[in-house]
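One structure below.
Reminder, nothing fancy here: chain letters follow the sequence lines and each chain counts from 1. These numbers come from the heavy atoms of this one structure, side chains and all, not from hydrogens, waters or symmetry mates.
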Number of protein chains: 2
Amino acid sequence: MIGKSVLTRHQELVYRHLTGSEKALSAYDLLDALRGEGLRAPVQVYRALGKLIDHGLIHRIESLNAFVACTHEGHQGAAGFAICDACGEVEEFPLPDHLAPIDHWAAGRAFRVEHTTVELRGRCQTCR
Amino acid sequence: MIGKSVLTRHQELVYRHLTGSEKALSAYDLLDALRGEGLRAPVQVYRALGKLIDHGLIHRIESLNAFVACTHEGHQGAAGFAICDACGEVEEFPLPDHLAPIDHWAAGRAFRVEHTTVELRGRCQTCR
DNA sequence: CGATGCATGTTATACCATTACGAACCCGAG
DNA sequence: CTCGGGTTCGTAATGGTATAACATGCATCG
Ligand SMILES: [Zn+2]
Ligand SMILES: [Zn+2]
Ligand SMILES: [Zn+2]
Ligand SMILES: [Zn+2]
């Protein structure tokens, strides 16, 4: 049956809008921006966001309750984010497969890591 | 003047409740638990949580929108958290002063890191 | 005393996210 | 073709998280 590689209309709208933004956007930011395109209710945005996350095309920024388009090359592997508290810019960076001190701790506790969140808050080069 | 080492009544109530819990508690969990002690509105809980965070006695778990008591020895340095998605237990672990790959990235971009969030989601030893 | 600072109390509001239910649509099995 | 099942879409309602605005009490200090 082949994968479902194409996006639905709503997913496409949300994804396009995120790729055009330097900052993370909240679901309600997206809703406000896309009302003219036919999106009317939060649940529609959240549905699109959920699928896009499943597909690995976007990431959720936990400390902002907001979302960014993925800028990985190849959209693979885990990522961390650097968030400028002054201008709001979010930059994604690849996480190495193993962060030694963390892996070591997890192995010692027999904790099985399924997802890793790394978010740096601070000042970007132009705002420091 | 002397230091502000003591907690106010509300801060003490919130802190004691958090130290007694294995899991992270939301502000509203705390509110419900402490209504009998005189806390009545969310803002009172958030005020206490804010001060406790300033004092380094508790931490916010971004991916849960909830809070845990600090279990550092000495309450100093940065921390990461391992969160079991099955039982909810949260374990704090010390972050080394320098996570080499991340530091390297930040240095290369001239990003000044002011706060680091590291949260591992997965299964604890007893739930895996 | 009056001024300052800080903790507190109360109400209201804003912001974030999901549940529930039904209609429309696509597509493959029979 | 017709009947499913699966996915998307629309709408309404609700639940959970966080802050704004403003008033009051109370200690300290000049
Ligand atoms: Zn990515
Ligand atoms: Zn900046
Ligand atoms: Zn700690
Ligand atoms: Zn567990």
Side-chain angles (χ1 to χ4, degrees), chain A residues 1-15 17-18 21 23-55 57-68 83 85 88 90 117 119 121, chain B residues 1-18 23-55 57-68 83 85 88 90 117 119 121:
Chain A
M1 58 79 62
I2 312 103
K4 8 202 14 318
S5 39
V6 284
L7 302 179
T8 66
R9 167 173 169 74
H10 289 354
Q11 290 162 24
E12 179 77 20
L13 286 167
V14 168
Y15 182 57
H17 206 76
L18 282 173
S21 173
K23 307 185 180 193
L25 298 176
S26 75
Y28 284 76
D29 290 339
L30 289 161
L31 177 57
D32 288 344
L34 298 173
R35 275 187 205 283
E37 313 288 340
L39 280 154
R40 287 166 221 235
V43 70
Q44 297 175 303
V45 178
Y46 282 104
R47 289 200 274 230
L49 290 168
K51 294 293 188 182
L52 290 168
I53 288 170
D54 290 347
H55 292 146
L57 295 177
I58 67 171
H59 299 289
R60 175 180 171 83
I61 306 297
E62 300 290 354
S63 63
L64 295 174
N65 295 330
F67 305 84
V68 291
I83 301 144
D85 287 325
V90 177
T117 297
E119 297 176 13
R121 305 296 290 264
Chain B
M1 48 80 64
I2 309 83
K4 25 192 2 325
S5 41
V6 283
L7 302 178
T8 67
R9 169 174 167 73
H10 289 357
Q11 290 163 24
E12 179 78 20
L13 287 167
V14 168
Y15 182 57
R16 288 260 162 271
H17 206 76
L18 282 174
K23 307 185 179 191
L25 299 175
S26 74
Y28 284 76
D29 291 339
L30 289 160
L31 178 57
D32 289 343
L34 297 174
R35 275 187 205 283
E37 312 289 340
L39 280 155
R40 290 169 211 217
V43 68
Q44 297 175 303
V45 178
Y46 282 104
R47 289 201 274 231
L49 290 168
K51 294 293 188 181
L52 290 167
I53 289 171
D54 289 347
H55 293 146
L57 294 177
I58 68 172
H59 299 289
R60 176 179 171 83
I61 307 297
E62 301 290 353
S63 63
L64 296 174
N65 294 331
F67 304 85
V68 293
I83 301 145
D85 287 326
V90 177
T117 297
E119 297 176 12
R121 305 294 292 262

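Salt-bridge formation is not detected for the pair B/Arg35/B/Glu37: no Lys NZ or Arg NE/NH1/NH2 atom is positioned less than 4.0 Å from an Asp or Glu carboxylate oxygen. Under a 4.0 Å N-O distance rule, the pair A/Glu62/A/Arg60 qualifies as a salt bridge.
Rounding to whole angstrom units, NZ of residue B/Lys51 and P of C/dC6 are separated by 7 Å. Atoms CG (A/Leu13) and C1' (D/dT8) sit 14 Å apart, rounded to a whole Å. Rounded to whole Å, the distance from CD1 on A/Ile61 to P on C/dC16 is 14 Å. Look at CG on B/Leu7: it is 15 Å from C1' on C/dC6, rounded to the nearest Å. One can place CG of A/Leu49 at 14 Å from P of D/dT8, the figure rounded to the nearest angstrom. Summarising the geometry, the separation between CD on A/Glu62 and C1' on D/dA18 is reported as 17 Å, rounded to the nearest angstrom. Distance CG (B/Leu64) to P (C/dC16): 18 Å, rounded to an integer number of Å. Nucleotide D/dT8 holds its C1' atom 14 Å from the CG atom of A/Leu52, rounded to whole Å.
The nucleotide whose nearest atom lies closest to any side-chain atom of A/Arg60 is, among C/dA17, D/dT8, D/dG10, C/dA17. Considering only the side chain of B/Tyr46, D/dA18 comes nearest among D/dA18, D/dT11, C/dT10. Side-chain proximity of B/Arg9 to the nucleotides D/dT19, C/dT8, D/dC9 is greatest for C/dT8. Each of D/dA12, C/dG9, C/dA17 was ranked by its minimum atom distance to the side chain of B/His10; first place goes to C/dG9. Distances were taken from every side-chain heavy atom of A/Gln44 (C-beta onward) to each of C/dT11, D/dG10, C/dT18; the shortest belongs to D/dG10. Checking C/dA17, D/dT17, C/dT10 against every side-chain atom of B/Arg40, the shortest atom distance belongs to C/dT10.
Remark: side-chain polar atoms of B/Asp54 are not paired, donor with acceptor, to backbone N or O of B/Lys51 under 3.5 angstrom. Judged by distance alone, with hydrogens and angles left aside, the side-chain atoms of B/Glu12 form no donor-acceptor pair with the main-chain N or O of B/Leu7 at under 3.5 Å.
For the pair A/Asn65/B/Asn65, a side-chain contact is recorded, criterion being any heavy-atom separation below 4.5 Å from C-beta on.
Annotation: of the two residues near DNA chain C, B/Asn65 and B/Thr8, the 5′-most nearest-nucleotide partner is B/Thr8. Summary of the strand contacts: B/Arg47 and B/Phe67 both lie near DNA chain D, and taking for each the nucleotide with the nearest heavy atom, the more 5' one is attributed to B/Phe67.
Residue B/Tyr28 and nucleotide D/dT17 are classified as a stacked aromatic pair, their ring centres being separated by less than 5.5 Å at an interplanar angle below 30°.
A/Ala27 comes within contact range of no nucleotide atom at all, as no heavy-atom separation falls under 4.0 Å.
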